[in-house]
2 protein chains.
Amino acid sequence: MKGITKKEKFLATTLQLIHEKGFKATTLRDIAQKLNFEVANVYNYIDSKQALLEAYLFDISDEFHRAQDRIISSTYSPREKLRRMIASYIQITAKRPYEQALLVNDWRNLKEPRRQEFVKRRKDYEDKLMAVLQEGVDQGQFRALDVELTTHTLLASLRWLYKKHIEEAKAINPVEIEKQLTDFIFSGILKN
Amino acid sequence: MKGITKKEKFLATTLQLIHEKGFKATTLRDIAQKLNFEVANVYNYIDSKQALLEAYLFDISDEFHRAQDRIISSTYSPREKLRRMIASYIQITAKRPYEQALLVNDWRNLKEPRRQEFVKRRKDYEDKLMAVLQEGVDQGQFRALDVELTTHTLLASLRWLYKKHIEEAKAINPVEIEKQLTDFIFSGILKN
DNA sequence: ATTAAACATGAACAAATGTTCATGTAAATA
DNA sequence: TATTTACATGAACATTTGTTCATGTTTAAT
């Protein structure tokens, strides 16, 4: 099965290129050059530049959603649900940092109607997380905070993490990162 | 002084356009169309598309740096310094959400050598914030946290805020936002 | 009123970019 | 071995895009 390996190499290399330069700025000729073949050959791997972006984005997006749904349909407390959501978010990011980067930086390059679809899915994700937060506030596990604002803030505090994985040369300790971020979100930075 | 007003209208309209579509995807023809004149006329307002981006980015970047430097050179405690940095960050974001959006989303479109310069400045900002955090940890005001990781997490938790200002139709209460975010960063979301 | 500056147009261009096509070679399968 | 499938090339294309130029028109300063 060398065919799969070759396509996977194409996808991985291209993903990195796109991350460095941005989707719009990454030319099919850039991609071809990096892979040492001619432009036309790119079309033996993809249908179109747009389809490539869509494949990347919806694939990683799906993984996030599946992980979230698994946790939501459990019977854990809001606090434990949140803890697990954070953990799973961090794990996926660690496993696929370049795709996560794309998710954050390049979704705007989607064309309609896929762009709307994407935005809607992302809002779903946010809403589900928000529901957990709201539940936790209602049950008195979390402070009486602004749930919407906090949902976005919380997500934002996780969303940068792909950089760490991409830029860091040496492998980083996922357990430690998870602890640090969970502590930050649950308890803040003040002593006591 | 209608000249100033006209150029300002150009800059504001263009800024919004770029925010919606992204810098690379925003054509000079898009801009001209939105302003109801021809493409060539754009060059009565700018030197080049690149120079336009640079102007936006370095101008808002400077404002962030000036505010930070003012606070750093004060004699407040680390905790109070941090509180004020957060407050000033939020204020600038509230005042110039579109430029902040550009700062977050479109700096990658800078060309060398300006791009490197930008990255360096941003790192300066992060390092100065990190120093405050470190000082706070050393003095026992903050928990014994991973300073570097927390610096990035903290910044990320502020960096999304421009969306709130851009998307929200009704004006939002800056005092309340400042309180929510400060509480989140200082104390987290758990009760107690 | 005259001059100068600001704002505007239309035409043109060179470069870049996504995509197609006809064709060829290497590799896997039957 | 014969044949299909995967991988590759070179040439060409229609569009798009940033930019320039020569030339107007409107507005403000002298």
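Each chain gets a letter, A, B and so on, in the order the sequences are listed, and its residues count up from 1.
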>> From CG of B:N109 over to P of D:dT17, roughly how many Å is that when rounded to an integer?
In response: 14 Å
>> Test side chain to side chain contact (heavy atoms under 4.5 Å, CB included) on B:L11 and B:L52; report intermediate values, then the result.
In response: CA-CA 9 Å; B:L11 288 176; B:L52 177 67; 3.7 Å; yes
> Is there a side-chain contact between A:F23 and A:N105 (heavy atoms, below 4.5 Å)?
Replying inline: no
> Given atom CZ of B:R29 and atom C1' of C:dA16, what is their separation to the nearest angstrom?
Replying inline: 13 Å
>> The criterion is ring pair (Phe, Tyr, Trp, His ring centres under 6.0 Å); which residues satisfy it with A:F58, sequence neighbours excluded?
In response: none
> Taking the side chain of A:F37 as heavy atoms from C-beta outward, which of D:dG10, C:dA12, D:dA8 is closest to it?
Replying inline: D:dA8
>> Quick check for you: among C:dT19, C:dC21, C:dC7, whose closest atom lies nearest to any side-chain atom of A:A40?
In response: C:dC21
>> Just to verify, what does B:K34 make a side-chain hydrogen bond (donor to acceptor under 3.5 Å, both in side chains) with, not counting sequence neighbours?
In response: none
> Over how many whole Å does the gap from B:L52 atom CG to D:dT17 atom P extend?
Replying inline: 16 Å
> Base, sugar-phosphate, or nothing for B:V42, non-hydrogen atoms under 4.0 angstrom?
Replying inline: nothing
> Residues in ring pair (Phe, Tyr, Trp, His ring centres under 6.0 Å) with B:Y76, at least two apart?
Replying inline: none
>> Apply salt bridge (Lys or Arg N to Asp or Glu O under 4.0 Å) to residues A:R108 and B:D106 and explain how you reach the verdict.
In response: CA-CA 11 Å; A:R108 261 194 304 182; B:D106 287 291; 3.5 Å; yes
> When the distance from CG of B:L53 to C1' of D:dG18 is rounded to whole Å, what number comes out?
Replying inline: 15 Å
> Please give, in whole Å, the distance from C:dT20 P to A:E38 CD?
Replying inline: 18 Å
>> Between B:Y56 and B:W107, is the side chain to side chain contact (heavy atoms under 4.5 Å, CB included) condition met? List the steps.
In response: CA-CA 10 Å; B:Y56 283 133; B:W107 65 270; over 6 Å; no
> Roughly how many Å is it from CG in A:L35 to C1' in D:dA6, rounded to a whole number?
Replying inline: 15 Å
> Given C:dA5, is OP1 or OP2 found less than 4.0 Å from the side-chain N or O atoms of B:K7?
Replying inline: no
>> Nearest whole Å is fine: how far is D:dG10 P from A:N41 CG?
In response: 11 Å
>> Applying side-chain hydrogen bond (donor to acceptor under 3.5 Å, both in side chains), can you list everything that pairs with A:E99, at least two apart in sequence or on another chain?
In response: A:R96
>> Run A:Q91 and A:E178 through side chain to side chain contact (heavy atoms under 4.5 Å, CB included) and show every step you take.
In response: CA-CA 9 Å; A:Q91 277 164 29; A:E178 190 181 315; 4.1 Å; yes
> Among C:dG18, D:dA11, D:dT17, which is the nearest nucleotide to the side chain of A:L28?
Replying inline: C:dG18
> Which parts of residues 43-51 of chain A get close to DNA chain D, meaning a heavy atom less than 4.0 angstrom away?
Replying inline: A:N44, A:Y45
>> Nearest whole Å is fine: how far is D:dA6 C1' from A:K9 NZ?
In response: 15 Å
> What are the residues of residues 14-27 of chain B, sorted by number, that bring a heavy atom to within less than 4.0 Å of DNA chain D?
Replying inline: B:T26, B:T27
